[in-house]
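A short write-up of the structure that comes next.
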Amino acid sequence: DIVIEAGRLEMRNGMPVSTTTETAADGGSVSIVAGTIHLDSGATIQSGSTSGGRAGTISVRTSGEVLLTGGSAISTSAPESSGGDIEVRA
């Protein structure tokens with residue numbers, strides 16, 4: 001699991017925060033709590049599975065805004081299973 005707590009989170013230039021499983025076990029979760037969150041220039045928050053395990057959950061919580069620009073994304077992927085949940089509270 002990945003846990004990030006910050007006053008302000010800025011990610012740029014393709015920077016990823018990612019969890020992946022390559023087994024039948026479920027993938028790890030990503031939890032981010034910040035005052036504001038800004039992803040720019042292809043930065044991503046991802047959870048994935050390349051096998052039978054389910055992709056992990058992504059939880060994003062902020063008291064301010066969540067801003068995604070320049071091709072940035074928050075996503076899950078699991079072609080052989082089910083994608084994880086994405087929860088955004090802003």
Show every donor-acceptor pair shorter than 3.5 Å between a side-chain atom in residues 5-13 and any protein atom, with sequence neighbours excluded, or say none if there are none.
| residue | atom | partner | partner atom | Å |
| --- | --- | --- | --- | --- |
| Arg8 | NE | Glu10 | OE2 | 2.3 |
| Arg8 | NH2 | Glu10 | OE2 | 2.8 |
| Glu10 | OE1 | Arg12 | NH2 | 2.5 |

Sequence neighbours left out, cut at 3.5 Å: what donor-acceptor pairs do the side chains of residues 51-60 make with other protein atoms?
| residue | atom | partner | partner atom | Å |
| --- | --- | --- | --- | --- |
| Arg54 | NE | Ser82 | OG | 3.2 |
| Arg54 | NH2 | Asp85 | OD1 | 3.4 |
| Ser59 | OG | Glu87 | OE1 | 3.3 |

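Across all non-hydrogen atoms, the minimal contact from Ser49 to Pro79 is O-CD, 3.4 Å. The shortest heavy-atom contact between Ala34 and Ile37 is CB-CG1, 3.8 Å.
For the atom pair CD1 (Ile45) and OG (Ser47), the distance works out to 11.5 Å, reported to the nearest 0.5 Å. In this structure, CD in Gln46 is found 11.0 Å from CD1 in Ile74, a value given to the nearest 0.5 Å.
With a 4.5 Å cut-off between side-chain heavy atoms of Ile, Leu, Val, Met, Phe, Trp and Tyr, the cluster of Leu67 takes in none.
You'll find the side chain of Thr19 reaches within 4.5 Å of the side chain of Ile2, heavy atoms only. Side chains of Ile4 and Val33 form no contact here, defined as non-hydrogen atoms less than 4.5 Å apart.
Evaluation of the side chain to side chain contact (heavy atoms under 4.5 Å, CB included) rule for Ala25 yields Thr23 as partners, not counting sequence neighbours. Shown here are the side-chain hydrogen bond (donor to acceptor under 3.5 Å, both in side chains) partners of Thr76, two or more places apart in sequence or in another chain: there are none.
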- Evaluate the criterion side chain to side chain contact (heavy atoms under 4.5 Å, CB included) for residue pair Val30 and Val17; output intermediate values, then yes/no. CA-CA 8 Å; Val30 177; Val17 170; 3.9 Å; yes
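Checking side-chain atoms of Thr62 against main-chain N and O of Gly35 turns up a donor-acceptor pair under 3.5 Å.
The stretch residues 14-34 participates, sequence neighbours left out, in no salt bridge (charged side-chain N to carboxylate O under 4.0 Å, His left out) pair at all.
Asp40 and Ser72 share no side-chain donor-acceptor pair at under 3.5 Å.
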